[in-house]
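What follows is a set of notes on a single structure, which appears directly below.
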Amino acid sequence: MKRFGNRGNSRKAAVQEVETGMFQGAAGRARLDELMDAVHKGMESIAEAQEERAKLTASASDAGSRVTVTVNADGIVIETRFAGDIDELTYDEIAAAVTKAAQRAAADVRAQSESVMAAAGQGFGTIPEFDEMGADISDFTRLVPPAPEVSLLPPPESSSRVSDDDVW
């Protein structure tokens, strides 16, 4: 099986290797150029969405807002805050509240992530399935850029600080 993906310039290699099937002649080459442009625009859209997703955070509270947990885009806890009256709860109640708040925050950020990434996938609507093309070309998904690392730092000071003076 021929694969153009391992030869550097994918557009040039693709044109050279798929001059049969639906990409024959000048019209085929124009269709291939159109397809490659759509793929590259889709990849740019995915890269932008990955950058946006990496910045997502979500917070949730429990136990009468005595416990607030913030997670990053991967659902990893990056901050846990206790209100001044946390001592009114038992250790078991605190543990349960932290767990519940973390789970809700993780579910929230997962929903946000899915929304951001689904919007990015809309750009691929014009690209035919590979089996529809009748050509021997490698999978374009290898062009998807790697996702950026998600921060493990707590959110900025102004976004989630709880004061002992806050009313609950």
Side-chain angles (χ1 to χ4, degrees), residues 1-62 68-81 98-161:
M1 177 167 93
K2 292 182 178 181
R3 297 181 67 90
F4 72 87
N6 298 331
R7 296 197 177 163
N9 183 340
S10 62
R11 182 183 295 256
K12 182 178 178 184
V15 170
Q16 290 173 348
E17 291 191 21
V18 295
E19 291 185 335
T20 61
M22 73 181 283
F23 300 116
Q24 282 183 324
R29 286 188 183 183
R31 175 66 180 129
L32 181 59
D33 284 342
E34 182 181 313
L35 176 65
M36 293 301 291
D37 286 342
V39 167
H40 287 287
K41 286 177 185 172
M43 293 304 146
E44 289 172 10
S45 177
I46 287 174
E48 290 170 8
Q50 287 176 331
E51 289 290 329
E52 182 180 342
R53 182 200 164 274
K55 296 174 187 172
L56 293 176
T57 63
S59 297
S61 296
D62 200 74
T68 301
V69 175
T70 301
V71 298
N72 67 13
D74 290 334
I76 296 171
V77 174
I78 57 173
E79 182 177 55
T80 303
R81 307 285 302 165
V98 168
T99 300
K100 288 177 188 174
Q103 290 172 344
R104 283 200 302 271
D108 181 12
V109 84
R110 184 174 37 254
Q112 290 180 55
S113 293
E114 289 170 359
S115 177
V116 166
M117 297 311 292
Q122 302 283 328
F124 286 100
T126 61
I127 299 173
E129 296 291 326
F130 291 108
D131 58 348
E132 294 172 16
M133 288 192 258
D136 184 17
I137 60 176
S138 64
D139 188 353
F140 286 118
T141 59
R142 70 181 167 67
L143 299 174
V144 175
E149 286 192 34
V150 175
S151 175
L152 294 174
L153 297 175
E157 288 287 327
S158 63
S159 70
S160 66
R161 294 293 174 217

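FYI, side chains are in, hydrogens and waters are out, and symmetry mates aren't considered; it's all heavy atoms of this structure. Everything numeric here is computed off the predicted structure, so don't read it as measured data.
Summarising the geometry, atom CD belonging to E51 is positioned 13.0 Å from atom CD1 belonging to I46; distances are rounded to the nearest 0.5 Å. The line from OG of S113 to CD of E52 is 9.5 Å long, rounded to the nearest 0.5 Å. Atom CD of Q50 is separated from atom OG of S45 by 10.0 Å, given to the nearest 0.5 angstrom.
Between T68 and S59 the shortest heavy-atom distance is CG2-CB, 4.3 Å. In this structure, A49 and A120 approach most closely via the heavy-atom pair CB-CB, 3.4 Å. Between A58 and Q112, the closest heavy-atom pair is CB-NE2, 3.7 Å. Nearest heavy-atom pair, A101 versus V69, reported as atom, atom and distance to 0.1 Å: CB-CG2, 3.8 Å. Minimum interatomic distance between V109 and L56 (heavy atoms only, all atoms of both residues): CG2-CB, 3.9 Å. Counting all heavy atoms, side chain and backbone alike, E149 lies closest to A54 at O-CB, 4.1 Å.
The closest donor-acceptor contact from the side chain of N72 to the backbone of S151 lies under 3.5 Å.
No side-chain heavy atom of E79 sits less than 4.5 Å from a side-chain heavy atom of T57. Side-chain contact between D74 and R53: present, with at least one pair of heavy atoms (C-beta onward) separated by less than 4.5 Å.
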